[in-house]
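A short worksheet on the structure shown next.
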Amino acid sequence: MQKLTARASWKALEAHFEQIKDVHMRDMFEQDSERFKKFSAQMDDILLDFSKNRINDETFKLLCDLARDTGVQERRDHMFSGEPINISEFRPVLHTALRNRSNTPVYVDGENVMPKINRVLAQIRYFSERVRGGHLRGYSGHLITDVVNIGIGGSDLGPHVVCDSMKPYAQRGMNVHFVSNVDPTHLTEILKFVKPEATLFVISSKTFSTQETILNAKSARDWFIRLTANEKAVARHFVAVTSNKKAAAEFGILEENMFEFWDWVGGRYSLWSAIGLPIALYLGMDHFEEMLEGAHAMDLHFKEAPIEKNIPIVLAMLGVWYNNFFDAQSHAVMAYNQYLRRLPAYLQQLDMESNGKTIDREGKRVDYLTGPIIWGETGSNCQHAFFQLLHQGTKPVPADFLIPARSKNPLGNQHCVLLSNYFAQTRALMKGKTEAEARAELEYSGHSEEVIKDVLPHKIFEGNKPTNSILFENLDPRTLGALLAMYEHKVFVQGVVWNINSFDQWGVEYGKQLATDIQRELSSREEAINYDDSTNNLINYCMSLKFTD
Ligand code: G6Q
């Protein structure tokens, strides 16, 4: 594969960057009344307006050329058809099959995997409907009112963002909680509010060996037995979502209470699999399936729309433009919707675990920047916090702004105010405020020339800050599914352009190994001498503080 930075399509962008880097978007809007028409795309009711970006016709053409040249469409087709594109784990990448609502065959090693996907979906439906309908109750006959998901990383963040975002669709009287951190406080604080006889624990772990999850699961089981004095009842209150049935059985989970998924589903892409069980329990299977439908619609759009109107590809290529040509180190996501408050945490894993890589697919170190730092907050909160840096800081921060046109909770004119803030911010970030505009404002306020001279530089806004506006009708399960799939595919496209494997996570695996040795040493409570001077002294100081187990 030709090196990215040696490609003619890359070099063309480098040359073009020199011409456009100082051009202001304000001028581009003035000179071209067709920007919105040219630089927007739509999938169902999801509108992407990318006209407030530092691009002109030529930039956009060159970015699309780069996508073509790096084989985005070919690799996309390889992913959908089950080729082993995860080259360091020798696996296909088939989260798209999990939401393949058209049910067309998808083959792994000659086997059509759709029947087993459908079987697990049917199992989730049967189980979740029995729990929600009160047919499957706790050991004492009590209704199940609380679901506690115990899992971490991909076995937590996906179902967590969905359950949080879809609260208005939850069944009345049903609560869902997520325990992920090995910090005992996480589990303890949740157990304070649930009753064992009314609680269903879902142990979510692909490997069923992740230390945090297994420790939390054991502690939850101990708590359950302590309070109920009924060890047999564990089987009724604990279910597992895993691809390691043997380990789940050893934990005491009944075979009928195991929900399977497969090694071709990556952790951070697994919310569409049985990892979505808490979603089905909390929102109902119909809503879970609506979410799958929305994601499937985005999959079809990603497969079929031309590059220029293909939302995930356009978002990805704009990200490449800022990451690699403007040296933007981060990308922010601002959802103007309180239900989406966990979206940045979810996207951080999706993006940074997928594209936080230095080695390319040929095993060589890359000589260009790969995945950005992802961060964000809900609007309008963010405006009162870090937006100062976006408006007047020295660092370029491209950002996505998301908002539904309709609120689930209309209250006076509050949603209209939220919308106004949303429109005002992206406009201000694009336009800025010129010296003349700032001066006119100060003069209008009646300030003396002396004051104006001192204050004026602080009141100028350079503008030219790029944003993508993503606007849709409602935040419902279908739209949420489409939006999450949109980001999955954006990350995928960038991984293809950067020629990295977006589907392994050796850094996470490394973290799983690292603590084991130190934990042995800590538990022995003997003086640490085997590490570097810093670590030895930190451990010994901690020991002097009589740390808790
Ligand atoms: C995701 C990662 C990682 C994983 C967790 C939990 O892509 O692989 O976040 O999901 O480490 O792993 P288990 O599900 O195996 O417990």
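None of these values were measured; they are calculated from a predicted model. We count ligands from 1, going down the list as the structure has it; atoms in each ligand are counted the same way. Computed over heavy atoms, backbone and side chain alike; hydrogens, waters and symmetry mates excluded.
If you check which protein heavy atom lies closest to atom 5 (C) of ligand 1, you get I152 O, 3.5 Å. Summary of contacts: the protein heavy atom closest to atom 9 (O) of ligand 1 is Q349 NE2, 2.7 Å. Counting protein heavy atoms only, atom 15 (O) of ligand 1 is closest to T207 OG1, 2.6 Å. Ranking the protein heavy atoms by distance from atom 4 (C) of ligand 1 puts G154 N, 3.8 Å first.
Close approach of ligand 1 to S205 is summarised as follows: ligand atoms under 4.0 Å from at least one heavy atom of the residue are 13 (P), 14 (O), 15 (O), 16 (O). Each of the atoms 10 (O), 13 (P), 14 (O) of ligand 1 lies under 4.0 Å from some heavy atom of S155.
Between V508 and ligand 1, not a single N/O pair is under 3.5 Å apart. Looking at K512 next to ligand 1, an N or O pair under 3.5 Å apart turns up.
In this structure, R221 forms a cation-pi arrangement with F251, its terminal cationic atom sitting closer than 6.0 Å to the ring centre and no more than 45° off the ring axis. A cation-pi arrangement is present between R525 and F547 under the rule of less than 6.0 angstrom and at most 45 degrees off the ring axis. In this structure, K303 is positioned above the aromatic face of F80, its NZ or CZ under 6.0 Å from the six-membered ring centre and within 45° of the axis.
Between the choices R268, E212, Q211, the shortest heavy-atom distance to atom 7 (O) of ligand 1 belongs to R268. Looking at E353, K206, Q505 and measuring to atom 1 (C) of ligand 1, the nearest heavy atom belongs to E353.
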**Item:** L227/K195 under side-chain contact (heavy atoms from CB on, under 4.5 Å): CA gap, chis, key distance, verdict
**Value:** CA-CA 9 Å; L227 266 70; K195 296 194 189 92; over 6 Å; no

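Checked options W272, F492, F261, Y269; the residue passing with H95 is Y269 (criterion: ring pair (Phe, Tyr, Trp, His ring centres under 6.0 Å)).
Aromatic pair Y139/H237: centroids less than 6.0 angstrom apart.
Ring pair F325/W321 is tilted by interplanar angle, where 30° to 60° counts as tilted.
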